[in-house]
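Since the structure comes first, as structure tokens, the remarks are kept for the end.
Computed from heavy atoms alone, side chains included, the values below leave out hydrogens, waters and symmetry copies. Keep in mind that what you see is a predicted model, and the values were worked out from it rather than measured.
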Amino acid sequence: MADLSAVRADSLVKNFGDFRAVDGIDLHVRQGEIFGVLGPNGAGKTTMLRMLATLLPIDGGHAEIFGVDVRREPHRIRQLVGVTGQYASVDEDLTARENLWLFARLQGLTGTRAKTIAVELLERFGLQEAADRPLSQFSGGMRRRLDLASSLITRPPLIFLDEPTTGLDPRTRGQMWDTIRELVTDGSTILLTTQYLDEADQLADRVAVIDRGRKVAEDTPDALKTQVGDSTLQLNLADGSDTVLAANVVRRLLGEEPVLTPESGRMNIPLPDPNRAADVLIGLREAGLGISSVSVAKPTLDEVFLALTGHGADDEPQMEAAR
Amino acid sequence: MTTTSTMTTTPLTPRRIDPSAVVARTTARSSVQETWVQILAMARRALKKMRRKPEQFFDVLIQPLLFTAMFAFIFGGAISGSVSDYLPVLIPGILAQTALTVCMATGVQLREDMDKGVFDRFKSLPIARIAPLAGPMIADLIRYGLASVLTLVAGLAIGYRPGGGVLGCVGGIVLTVIAGWSLAWIFTWLGTMARSAQSVQGISMMIMFPLTFLSNAFVPAETLPGWLQAFVKVNPVSHVVSAVRDLFNDGAVTAEVGWAVIGCVVVVAVFAPLAVRSYSRKM
């Protein structure tokens, strides 16, 4: 049982007309881990998740969840997976308590059991005071919590979280992160998608980076970050024609390859250690190269992308994954 | 931040999740009994929504009252010689028409509902695919019942005296409710196929008008040209109307009642599987 993988997908494919939203993605999620799928809007994250959750037919490839074939046994898969979508999939016309009751009854819990589990979940997610209020009065964070609570009624061993914190304020996001970590201590496995490197870094044991329907990297968050450096030194040279000279200085001092952005004179330099920023600045002054602005930033998804694919995360805005 | 502390102090259940045990417990499909429980849960959801949005009862309340009075006074003299002679012909016809209007609303509302986020969750749950369709239809039985009773009451108010007595009237209303529920599968199927609630509305109108007016609901079929009579005779609405007339006016369970029931069974047998298939394919 120990080597039973939570998710094993081989060369998954999804086409929407001529557009190939998911183009041969392999995925292997181990039991008990938080696996992050990182990528910009339209990369195919949601589409992939929806295929694994039986919400979209799989056009090509093979997928298994705890050894059960997704295509052949959708009804079993639905008993194994709890899905929390990007947009809260709860009933807007019912109260929070009625929502939980409904989803519990639909999954075969008795009337009394459905009532007690609704109370337990409302309490666990801090919604007991709002339990009987209409959902129209709920904040975005409350809706997400209710949505997640609805996915946990039968304690599924695998939980899909599609961008669980997109659009939440920082405090609510922190709470959501705590809740997600707790789920793993209960024994659940989590597959989450996110646009934020920060979030993947905070939560995920391993991360797959998806771009234009393909997997471009898969590793631990730490390993991914070392590929782009822990932080980035961004500077604008006073004279754009100095770029090549400046790049040489950087290579000599840090042994790193600076990323030259299209606007002339702009350089992004991966920094293994933020303290090395001073070395670069001193080196440039010694070489007589003027700087018009300078800043040190933590790596963003955009830089991970730039480093992994050679193009930015939003170079080519593609169609939002069809829902 | 109180949220976080409550979350850590009250774990849902102490035991850890064992995936292979969960896999072993899974079933390949919902049993008949499970499906029934799911349908009832969905019906209860629909009832709660009805209570919260009473405006959806407008068509049920207004149409029977308005149409009964209007048709009786406008067509009564022309078709049957007098209003009181027309009422035994008209009331069962209006009843069928009202039931069809409610059916149409079933399809439109299903489409609106399906566009909401919660249907994503229904699809991701291990429930029978028929439950989200059949649940609201059960709740709609209340609307058919209400509309039928109102039509009859409006008729009684302007002088209709059904010869079938109380039993005949109850029988007629029960038959109307059954027929409404059966025909609603056509509109449910449309609801799962169409792109938007508006298009369901449009297509449904085009189906509803021929079904009601190309039947014997308002005029005796004998007055129609032969080719039209041929259609009127196979139109299930005609059979329902004739059957309800027999029940209301004579209290008699005639062959027409049998034909109406058979017609309903055929409609359900054809359109329920179509609706479920098109719904499942939408995912």
Side-chain angles (χ1 to χ4, degrees), chain A residues 1 4 6 31 53-57 66-68 73 75-83 85 87-94 98-99 101-103 105-108 117 120-121 123-126 134 145 147 150-152 154-158 171 174-175 178-179 182 185-189 323, chain B residues 1-31 33-34 37-42 44-46 48-53 113 116-129 131-132 135 280-283:
Chain A
M1 159 215 138
L4 186 67
Q31 248 183 65
T54 75
L55 292 173
L56 273 178
F66 295 113
V68 179
E73 306 219 64
H75 194 77
R76 282 189 208 279
I77 295 297
R78 294 179 193 127
Q79 291 163 75
L80 296 170
V81 182
V83 187
Y87 307 93
S89 32
V90 285
D91 197 328
E92 298 286 327
D93 300 322
L94 301 181
E98 288 167 344
N99 263 291
W101 177 89
L102 171 66
F103 300 136
R105 285 295 281 155
L106 285 175
Q107 293 181 85
I117 200 121
E120 272 177 41
L121 283 168
E123 198 178 306
R124 182 177 182 203
F125 284 86
R145 294 211 298 271
D147 200 20
S150 308
S151 306
L152 302 181
T154 53
R155 306 203 339 137
L158 177 62
R171 192 182 72 109
Q175 289 175 356
D178 290 337
T179 312
E182 265 174 52
T185 58
D186 280 358
S188 293
T189 305
R323 302 192 312 115
Chain B
M1 284 290 131
T2 49
T3 334
T4 330
S5 58
T6 37
M7 279 190 245
T8 39
T9 48
T10 50
L12 186 60
T13 330
R15 84 200 139 79
R16 266 178 72 88
I17 295 164
D18 176 8
S20 41
V22 180
V23 173
R25 273 202 308 274
T26 58
T27 52
R29 60 182 56 81
S30 294
S31 69
Q33 200 214 334
E34 282 167 345
V37 170
Q38 291 157 10
I39 291 177
L40 287 184
M42 294 301 285
R44 201 156 142 192
R45 161 178 183 264
K48 280 186 177 142
K49 288 166 81 115
M50 274 187 202
R51 264 215 320 260
R52 247 155 249 176
K53 288 191 181 163
D113 214 17
K116 288 185 189 148
V118 68
F119 258 73
D120 247 15
R121 183 169 298 282
F122 293 150
K123 285 175 193 162
S124 76
L125 291 178
I127 58 175
R129 305 286 98 178
S280 320
R281 216 188 282 146
K282 270 270 150 75
M283 19 184 290

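For the set A:T154, A:T189, A:T185, the entry with the most heavy-atom pairs within less than 4.5 Å of chain B is A:T185. For the set A:G108, A:S150, A:G174, the count of heavy-atom pairs under 4.5 angstrom toward chain B peaks at A:S150. In terms of heavy-atom pairs under 4.5 angstrom with chain A, the leader among B:A128, B:A28, B:S30, B:A131 is B:A28. Considering only heavy-atom pairs separated by less than 4.5 Å from chain A, the leading option among B:M42, B:E34, B:R44 is B:R44.
For B:R52 and A:D93, the salt-bridge test fails: no basic side-chain N is under 4.0 Å from an acidic carboxylate O.
Both the backbone and the side chain of B:V22 come within contact range of chain A, each with at least one heavy atom under 4.5 Å from a heavy atom of that chain. At a 4.5 Å heavy-atom cutoff, A:P134 makes no contact with chain B through either its backbone or its side chain. Only the side chain of B:F122 comes within less than 4.5 Å of a heavy atom in chain A; its backbone stays farther off. Contacts between A:V68 and chain B at a heavy-atom distance below 4.5 Å involve the side chain alone, from C-beta outward.
The shortest side-chain heavy-atom distance between A:F103 and B:V118 falls under the 4.5 Å cut-off.
The CG atom of A:D91 sits 7.0 Å away from the NZ atom of B:K116 when rounded to the nearest 0.5 Å.
Considering only residues two or more places apart in sequence or on other chains, A:R105 meets the salt bridge (Lys or Arg N to Asp or Glu O under 4.0 Å) condition with none of them. The salt bridge (Lys or Arg N to Asp or Glu O under 4.0 Å) check on A:E73 picks up A:R76, with sequence neighbours excluded.
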Should A:S188 and A:R155 be marked as a side-chain hydrogen bond (donor to acceptor under 3.5 Å, both in side chains) after you check the CA-CA gap, both sets of side-chain angles, and the distance that decides it? CA-CA 8 Å; A:S188 293; A:R155 306 203 339 137; over 6 Å; no
